[in-house]
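These values consider heavy atoms only, across backbone and side chains, with no hydrogens, waters or symmetry-generated copies.
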Amino acid sequence: MATQQSRSAARWMMAPAVVLLLGWMLVPLVMTLYFSFKQYLPLRGGDLGWVGFDNYIRFVTSSAFWPSIQATLLIVGGVLVITVGLGILLALLLDQPMWGQGIVRILVIAPFFVMPTVSALVWKNMFMDPVNGLLAHLWKFFGAQPIEWLSQVSMTSIIIIVSWQWLPFATLILLTAVQSLDTEQMEAAEMDGAPLLSRFWHLVLPHLSRAITVVILIQTIFLLSIFAEIFVTTQGSFGTRTLTYLIFQRVLESQNVGLGSAGGVYAIILANIVAIFLMRIVGKNLDA
Amino acid sequence: MARAVTPKKKAINTAAAWAIGLLIFFPILWTILTSFKTEATAIADPPVFLFFDWTLENYQVVQDRSDYMRFLWNSVIIAGGSTLIGVMIAVPAAWSMAFVPSKRTKDILLWMLSTKMLPAVGVLYPIYLIFISMGLLDTRTGLVFILMMMNLPIIVWMLYTYFKEIPGEILEACRMDGAGLKEEILHILTPMAIPGIASTMLLNFILAWNEAFWTLNLTAAQAAPLTAFIASYSSPEGLFFAKLSAASTMAIAPVLILGWFSQKQLVRGLTFGAVK
Amino acid sequence: MGSIRLEQVNKTFGDVTVIPSVDLDIDDGEFVVFVGPSGCGKSTLLRLIAGLEDTTGGRILIDGKDATDTPPAKRGLAMVFQSYALYPHMSVRKNIAFPLRMAKMDKAEQDRRIEQAAAVLNLTDYLDRRPGQLSGGQRQRVAIGRAIVREPAAFLFDEPLSNLDAALRVGMRLEISELHERLKTTMVYVTHDQVEAMTMADKIVVLRAGNIEQVGSPLELYHTPRNLFVAGFIGSPRMNFIEGPEAARYNAHTIGIRPEHIAVSADEGTWSGVVSVSEHLGSDTFFHVHDSGLAESITVRAGGEVGFRHGDRIFMTPREDVLHRFSADGLRLA
């Protein structure tokens with residue numbers, strides 16, 4: 001439904017965004033691919049020639065690789081279980097009639113707006129510090145030995161911090177979905193005598209399944225590239241070195257660009273697998 | 001699906017929700033409270049909650065020692081600049097996709113979103129190298145560009161969804177009334193989409209403000225925004241809880257306030273319309 | 001000043017041909033109505049004239065000048081949309097002023113024209129309101145006001161009354177007709193409602209599947225429909241069609257007789273049947289007659305005082321001078 005003139009105008013108006021994004025995607029991607037096939041050590045001799053797939057093989061066979069994959073999956077999986085699980089319960093609770101609903105919503109959503117470096121630092125020092133942290137006080141109050149959170153249970157600690165940041169996101173999206181649930185359908189089920197749990201299982205959960213999928217996919221993409229939370233807490237020690245952090249260390253700390261780039265390519269492939277599923281859902285919605 | 005319930009049930013709901021809400025908000029509250037304590041009170045055992053001598057000295061110290069205003073200014077420039085330029089590039093693109101759709105529109109839109117999925121760490125070194133060769137390392141210009149590119153897909157997407165809600169007949173009417181493309185966008189589309197454009201800018205300002213991969217890796221002394229300012233507190237130096245809290249409060253306060261205005265847009269902007 | 005000429009205009013969207021080929025002359029000052037069932041291409045044809053769509057082939061001449069490739073803004077036409085398409089962020093005054101602002105007319109002249117249009121359309125009291133604060137009829141007037149201030153070569157109306165309720169529709173119909181009488185500007189009006197077409201048009205263009213079935217004055221179409229489609233589309237209630245031996249008696253494949261051209265009687269007539277439903281409107285009565293052996297149902301219009309009821313056997317006599325005869329391929333037989 002348009003004329004030739006508006007179509008050609010549309011092409012011109014779209015061009016800046018398309019060209020910029022194309023460049024933003026392709027230039028670094030091609031460079032990363034290029035470096036990944038090179039022995040490239042900027043501080044120790046620079047470009048030492050082509051090495052084929054050596055970097056790819058070395059990256060996956062290094063002793064740090066599998067632990068990093070394990071750490072990544074543990075963080076992503078742990079955070080997803082906590083945020084989606086609590087998110088559903090919280091969304092259902094917030095949907096109930098109550099006084100001060102608006103304010104409660106604001107309280108719940110607030111952590112999402114805290115910058116990652118701040119939340120990591122606040123948790124690390126003011127809550128998880130083994131001497132002066134609030135949690136240490138709490139443990140002592142109950143007569144227990146305070147935990148050294150970020151070294152003894154480093155993984156749990158990071159999952160707690162990241163979950164706290166992402167719970168609002170999951171809750172907000174699930175709440176949006178819950179609110180679109182058909183009241184009459186619920187009332188009909190209630191009239192039919194379906195108990196609460198079965199109503200939740202057969203009506204609420206299927207209705208939320210799409211929103212849950214979307215939350216999982218989007219969070220996965222963001223969680224795969226968690227960085228600041230680790231950077232300011234453990235610096236990748238105590239088994240918290242994720243794939244992202246490992247690549248960062250290879251590239252910027254040990255300045256082994258070839259190896260890091262090969263890792264980068266792995267990370268891109270990993271993210272793309274998740275992205276394909278997400279794009280399918282988004283694409284379907286575009287047709288509707 | 002909110003329904004009428006008995007006052008008793010409503011009271012229970014209220015109590016439960018407030019308890020959980022306050023628990024979730026507590027770390028932020030605690031940080032704000034601690035920022036007004038002296039360093040000694042901040043680590044008092046047992047912890048002091050409300051009854052202490054409130055002081056503003058931490059804010060003063062933080063400003064004197066690390067020049068908070070400079071970091072703040074960098075954050076404002078970087079988040080504001082990237083959002084503003086992003087919107088200027090995205091408005092025409094979103095106009096095209098919303099009002100002159102073609103068979104490829106959907107593919108282009110999805111492709112744009114897919115660039116958002118590219119993990120930053122995968123292209124860290126190339127960007128680093130490009131920045132060095134162009135002299136962009138540790139400059140606000142460089143970060144404005146990077147964050148603009150990072151958020152451009154979201155900006156285009158959000159504007160697209162807002163523009164889609166504007167009836168095409170209105171734009172056709174203004175064409176019949178003698179408006180050219182420029183007038184159509186300036187006098188009709190933009191004013192009608194102002195609420196949508198505003199919420200798009202708000203959300204992207206927040207995302208850019210909090211971005212902590214590129215801002216940490218591509219800045220040093222000159223262009224560092226608040227994310228890096230806070231990260232500099234990661235190595236403790238004696239008693240510093242109160243000062244850390246003051247710095248943190250200052251870093252999150254502006255966006256916390258903006259964020260409360262943008263809850264609704266958050267869903268639209270971050271789920272790419274997949275949840276309504 | 002406002003003549004429009006279409007020469008072999010055609011339009012395809014992808015593989016779908018919406019308008020195969022249309023030739024049409026619209027004279028200056030004429031009120032032309034495009035009418036047809038939904039999907040007949042009438043709106044597309046209007047949008048082609050407006051320039052909101054490109055023609056796939058053919059030429060469009062406005063005032064004798066080729067305007068086929070002229071953008072809508074430069075054609076000097078004004079359009080009133082079905083949804084009114086008012087600018088919600090502007091006051092009524094600004095809405096009406098918009099085309100004048102785009103034409104860079106000086107302020108004093110703008111104000112003069114706005115006041116004049118507002119007076120004509122009874123909008124003077126509403127000039128500072130937003131469209132959202134107006135009723136449907138008022139919005140429609142604003143849309144018309146926005147169209148008339150430019151003094152266009154022609155007005156294009158795209159089903160302008162279909163969003164209004166029935167009572168308001170009749171009122172607006174009259175207003176538009178009066179406006180045409182006053183302005184004497186060419187108007188092209190699209191509707192699916194044959195009553196609107198009959199009451200307003202100087203010339204009706206009946207469309208089906210993108211083809212012009214017939215062009216003529218309302219009474220021409222009523223009295224001498226060129227084919228079965230036009231015969232069935234124009235006139236309300238619909239013309240009765242009868243096939244078979246009864247039609248053969250008149251040397252036709254199909255004969256058509258309008259409900260108002262059949263006389264009814266309790267005891268004698270050419271045809272007979274049983275009343276299945278009778279609709280009493282006060283002024284008129286419509287009988288739907290079954291079991292006549294002619295067609296599934298025959299509709300008859302009689303005076304309001306005729307009182308047959310369900311189940312009554314009645315006799316019907318067609319007026320042979322206004323009986324329409326059609327060939328097997330649906331065309332009118334002379």
Side-chain angles (χ1 to χ4, degrees), chain A residues 2 6-7 9-10 13-14 16-17 21 24-25 28 31-32 93-94 96-99 104 106-110 113-118 121-122 125-126 132 134 137 172-173 176-177 181 183 186 211 214 221 225 227-228 232 244 247-248 251 257 264 267-268 271 275 279 281-283 285-286, chain B residues 1-2 5 10 13-14 16-18 21 24-25 27-28 31 43 46-47 89-90 92-93 95-96 100 106 110 112 114-115 117 119-127 149 152 156 181 206 210 212-213 227 230-231 233-234 241 244 248 251-252 255-256 259-260 263 266-267 271-275:
Chain A
S6 56
R7 268 192 292 275
M13 308 236 295
M14 211 143 62
L21 278 171
W24 163 248
M25 180 181 82
M31 286 171 77
T32 296
L93 177 63
L94 287 181
Q96 300 301 314
M98 67 178 73
W99 290 288
V104 177
I106 286 170
L107 294 180
V108 170
I109 290 160
F113 299 115
V114 176
M115 60 175 65
T117 44
V118 167
L121 270 184
V122 164
N125 292 296
M126 293 166 51
N132 294 317
L134 215 52
H137 289 302
L172 197 60
I173 286 168
T176 310
L181 188 61
T183 318
M186 282 300 277
V214 171
I221 285 163
S225 47
F227 176 77
V232 295
T244 297
I247 299 167
F248 159 79
V251 172
V257 173
I268 290 168
M279 287 297 133
I281 294 191
V282 173
N285 236 40
L286 269 185
Chain B
M1 57 174 213
V5 292
K10 195 169 173 179
N13 288 336
T14 307
W18 275 89
I24 290 175
F25 187 73
I28 298 171
T31 306
I43 57 164
I89 294 173
W95 174 87
S96 301
V100 195
K106 189 183 145 188
L110 286 181
M112 283 188 174
S114 76
T115 64
M117 317 277 162
V121 73
V123 293
L124 172 59
Y125 196 74
I127 296 288
M149 292 310 300
L152 189 56
V156 171
L181 191 58
I206 294 168
N210 287 343
F213 182 78
T227 44
I230 293 297
Y233 277 78
S234 58
F241 275 23
L244 168 66
S248 296
I252 63 174
V255 152
L256 219 50
W260 287 340
Q263 333 169 11
L266 201 65
V267 176
T271 64
F272 312 125
V275 173

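- Interface remark: of the candidates M14(A), M115(A), M25(A), M115(A) forms the most heavy-atom pairs closer than 4.5 Å to chain B.
- Options V232(A), I247(A), I268(A) differ in how many heavy-atom pairs under 4.5 Å they form with chain B, and the most are formed by I268(A).
- When each of L124(B), V156(B), T31(B) is checked for heavy-atom pairs under 4.5 Å with chain A, T31(B) comes out on top.
- Counting heavy atoms from C-beta outward, Y125(B) and T32(A) have side chains that stay 4.5 Å or more apart.
- Put simply, the side chain of M13(A) does not reach to within 4.5 Å of the side chain of V100(B), judged on heavy atoms.
- F248(A) touches chain B through backbone and side chain together, each having a heavy atom under 4.5 Å away.
- Contacts of A16(B) with chain A are made by both backbone and side-chain atoms, with heavy-atom separations under 4.5 Å.
- For L93(A), the part sitting under 4.5 Å from any heavy atom of chain B is the side chain, from C-beta outward, and nothing else.
- For the side chain to side chain contact (heavy atoms under 4.5 Å, CB included) test, residues two or more places apart in sequence or in another chain that qualify with A110(A) are F25(B), I28(B), L256(B), W260(B).
- For a residue to count as touching a neighbouring chain, one of its non-hydrogen atoms must lie under 4.5 Å from one of that chain's; by this rule V114(A) touches chain B with backbone and side chain alike.
- With sequence neighbours excluded, the residues that form a side chain to side chain contact (heavy atoms under 4.5 Å, CB included) with P27(B) are W123(A), F127(A), W164(A).
- Taking each heavy atom of W18(B) and W99(A) in turn, the nearest pair found is NE1-O, 3.0 Å.
- Taking CG of N210(B) as the reference point, atom CZ of F113(A) lies at 9.0 Å (rounded to 0.5 Å).
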